[in-house]
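It should be emphasised that the depicted structure is a prediction, and the values quoted were computed from it without experimental measurement. Sequence lines set the chain letters: A, B, ... in the order given, protein chains first and strands last, and positions in each chain run from 1.
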2 protein chains.
Amino acid sequence: MTGIVDVAARAGVSVATVSRALRGLPGVSPATRAAVQAVAAELGYVASPSAAGLPTGRTGAVGVVSPVARGWYFSAIAEGAQEAFSAVGYDVLRYGLADVETQRRRVVDTHLLRKRVDALVVLSLPLTPDEVRALLAMQRPVIAIGPVMPGIQTVRIDDVEVGRSATRHLVELGHRRIGFVGGDPHDHLGFPVAPDRKQGYQEVLGEVGVEPDPKLTVGGKFLAESGVEAYAEFKRRGPLPTAVFAVSDEIAMGLIHAARSDGVRVPEDMSVVGVDDHDLSWLFGLTTVAQPVRKQGRIAALALLDRLRGGDTGNEVTTVPTQLKVRATTAPPGAPSSTRQSAPGTDGAGHGPPPGLPDDDEDQVSIP
Amino acid sequence: MTGIVDVAARAGVSVATVSRALRGLPGVSPATRAAVQAVAAELGYVASPSAAGLPTGRTGAVGVVSPVARGWYFSAIAEGAQEAFSAVGYDVLRYGLADVETQRRRVVDTHLLRKRVDALVVLSLPLTPDEVRALLAMQRPVIAIGPVMPGIQTVRIDDVEVGRSATRHLVELGHRRIGFVGGDPHDHLGFPVAPDRKQGYQEVLGEVGVEPDPKLTVGGKFLAESGVEAYAEFKRRGPLPTAVFAVSDEIAMGLIHAARSDGVRVPEDMSVVGVDDHDLSWLFGLTTVAQPVRKQGRIAALALLDRLRGGDTGNEVTTVPTQLKVRATTAPPGAPSSTRQSAPGTDGAGHGPPPGLPDDDEDQVSIP
DNA sequence: CTGTTAGCGCCTTCAG
DNA sequence: CTGAAGGCGCTAACAG
């Protein structure tokens, strides 16, 4: 199990020198350093994080905590973060709330975490001031993705603007009976994503003098199944809206599926716009308000990395831009049945695969 | 940073007793144990994995290594494993090959891993005998998901049978001009998933006396984009097949998208069957050969956990069953245009959402 | 049943 | 620039 002493012996130096040489610390002659590195490579020596962590208090790992450790959104964010962290040798540990939660503590078991990670990314978890205090008491860099909490650096999108953007698009197409799907009191532990998007929706409706119709609003989780249920609910309540704003692409997909299965054409009979630009959304030709998911993970990771290196990134809130992507599930109300034979070259954004890996080629966002 | 000594002092016992009491080791009176637990809880004490790992050599973490740490398939498997591991307090570390690979070593850096994990799950990585040897030299339990390698316990599905099953379905519907999409020499590092599925495809074609037509076989990665490209390729090569077997659901989705965008009806003009039962496949009404993805992760995790506890699970190969799920993208060739108005109650498997979480409610598979 | 005592492998002052 | 030595927090014999 070749340890540091083996390397030291083989290189004819002390363990202290090996330690310094391998970690790139100053105070080692270039010659010695090279020699040590050679021996280390030859022996396949790698320092044990456990052993290295004892004296330093650092673990070489960062945690990513989310309500559940499942699903496209959380996975994609974690992927973005993971890629940035492992590029510099950090391990990342994912925790679903159920894993970290104990009977006594409501949210994150800071005692457990402090001993395991050097820094923490908190996803979609709105914490109470007390919980924030406990988190900060860990004395480790923490960054949140999603909810803005006083004292905690955050990466987010403007959810109200998301709602405006989607609704504005529908309004501009001429829609006035616009449905809204999303928002479940038990979902996301109270994190106001859906409410914010709904507010944007209502604002834009207000601007064009439309009174939001409660019959056109249905709740639901961020799942395709909710879209199916929402469609059924719309139908139950009376005439369908001419367009629907779903707070996530998965909901939108379920909605479209249910509508088409029921003989309702999308977008001719009903337009649908979602949010996220899910990896598979282009397959549905789904019009959506795209948010850079993996990139948010990466931004958070880089900010944390900077702070781990002593960078004094304050508590800024970084808002990354979202962008409406018009594809093929939205059209003016009562639009004539398209022949679905768009002329070559006029294909537009609706049909081909996306130009690259999703949200990976977007313009960089500055991290203050 | 409350350590074991604090607990010991507060409880009026020695650190050894605290250690024993908290880890459930025998040789502690119930009274003492309760007292210690109370104090530990009160102080919010949690043992440091780093410190605990030094004497024992155990890290309390397991690794999951895959070609890339991205995408639905690997994420879902990792989720299944993660859930089982974190239920018993293990952390899981994910590594994409790029993270673990060094210039010198072709695949897994065992030196790096040995110091970081107690056990390893290897996903879709076919290793050479030398690499297997290096892996086993780690002296840590290793299990693979996918490729069968001598000396390594494996969880897998029968890919040849997958190919047979999909093709048989199409043949039974009456198809004879059946296309095949999948298999890229650079994909999956040579792991013969696609080839095996193709073999099953060819076997069944042979049974009905059909000579496989090279023009009907196109390569591609396990991505929806490949499905789009495959459709274009089919078109380029001449008359479309009446049915296509795609080696993954994502490919199938891309294929369907491309076909429909081109005015080709699915399944009326062309049937499509995929593999996986991707979380979103039901939205496409996709007929598929379902494999329990998360469950394979869970099975592997449980087997590893058993071995970590000293269970002497040998090197068995566990083959989990797959199952054809007929939905709405397959039909007899030249089938009349469906009205898509299935009579209520006769709806079949094609339209509603799946009954529960995907592949989570399947019957349990025994782990020898 | 409980306490004492060495380390586990590495980092980090402090000398040299 | 380099070496020696103590200690990080916990576990694992060994005594008692």
Side-chain angles (χ1 to χ4, degrees), chain A residues 1-37 39-40 43-61 89 111-118 139 308, chain B residues 1-37 39-40 43-61 89 111-118 139-140 308 310:
Chain A
M1 180 84 121
T2 77
I4 198 172
V5 292
D6 303 301
V7 179
R10 193 90 153 67
V13 297
S14 73
V15 294
T17 300
V18 173
S19 175
R20 286 189 282 246
L22 258 26
R23 286 182 305 149
L25 295 188
V28 182
S29 79
T32 328
R33 192 185 302 270
V36 170
Q37 286 170 333
V39 173
L43 268 45
Y45 168 75
V46 182
S48 151
S50 303
L54 246 194
T56 60
R58 282 176 251 114
T59 65
H111 295 285
L112 174 62
L113 257 33
R114 142 186 285 157
K115 305 263 184 106
R116 292 176 178 261
V117 302
D118 295 340
Q139 299 284 34
L308 284 170
Chain B
M1 180 84 119
T2 78
I4 199 173
V5 292
D6 303 301
V7 180
R10 193 91 155 67
V13 297
S14 73
V15 293
T17 301
V18 172
S19 177
R20 287 188 285 247
L22 259 26
R23 287 184 301 152
L25 295 186
V28 184
S29 81
T32 325
R33 192 184 302 270
V36 171
Q37 286 170 333
V39 173
L43 268 44
Y45 168 76
V46 181
S48 150
S50 303
L54 247 194
T56 60
R58 282 176 252 114
T59 65
H111 294 285
L112 174 63
L113 258 32
R114 141 186 286 158
K115 306 261 183 108
R116 292 175 179 262
V117 303
D118 295 341
Q139 299 285 33
R140 303 212 168 303
L308 284 169

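Closest approach to the B/Ser14 side chain among C/dT4, C/dC8, C/dC10 is made by C/dT4 (side chain taken as heavy atoms from C-beta onward). When distances run from any side-chain atom of B/Thr32 to the nucleotides C/dC1, D/dC1, D/dC10, the shortest one goes to C/dC1. Distances were taken from every side-chain heavy atom of A/Tyr45 (C-beta onward) to each of C/dC1, D/dG9, C/dC10; the shortest belongs to C/dC10.
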Report task. Could you give me the CA-CA distance, side-chain angles and deciding distance for A/Val18 and A/Val13, then say whether side-chain contact (heavy atoms from CB on, under 4.5 Å) is met? Result -> CA-CA 7 Å; A/Val18 173; A/Val13 297; 3.7 Å; yes
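Here B/Arg58 does not reach the OP1 or OP2 of D/dC10: none of its side-chain N or O atoms lies under 4.0 Å away. Not one side-chain nitrogen or oxygen of B/Arg33 sits closer than 4.0 Å to the OP1 or OP2 atom of C/dT2. Contact check, B/Thr17 against C/dG3: a side-chain N or O comes under 4.0 Å of OP1 or OP2. A sub-4.0 Å separation between OP1 or OP2 of D/dT2 and a side-chain N or O of A/Ser29 is present.
Rounded to a whole Å, the CZ atom of B/Arg23 is 17 Å from the P atom of C/dC1. As a whole-Å value, the separation of A/Arg20 CZ from C/dC11 P is 11 Å. The separation between B/Leu54 atom CG and C/dC11 atom C1' is 12 Å, rounded to whole Å.
Contact annotation for B/Ala16: base contact, defined as any heavy-atom pair under 4.0 Å involving a base atom. Using a 4.0 Å heavy-atom criterion, one finds that B/Ser50 contacts no nucleic acid atom at all. Here B/Gly3 lies in heavy-atom contact (under 4.0 Å) with sugar-phosphate atoms only.
The CE atom of A/Met1 sits 10.0 Å away from atom CD of B/Gln139, with the distance rounded to the nearest 0.5 Å.
For A/Arg33, the CZ atom is densely surrounded, since the number of other residues' heavy atoms within 6.0 Å is greater than 12.
The shortest heavy-atom contact between B/Tyr45 and B/Thr2 is CD1-O, 3.4 Å.
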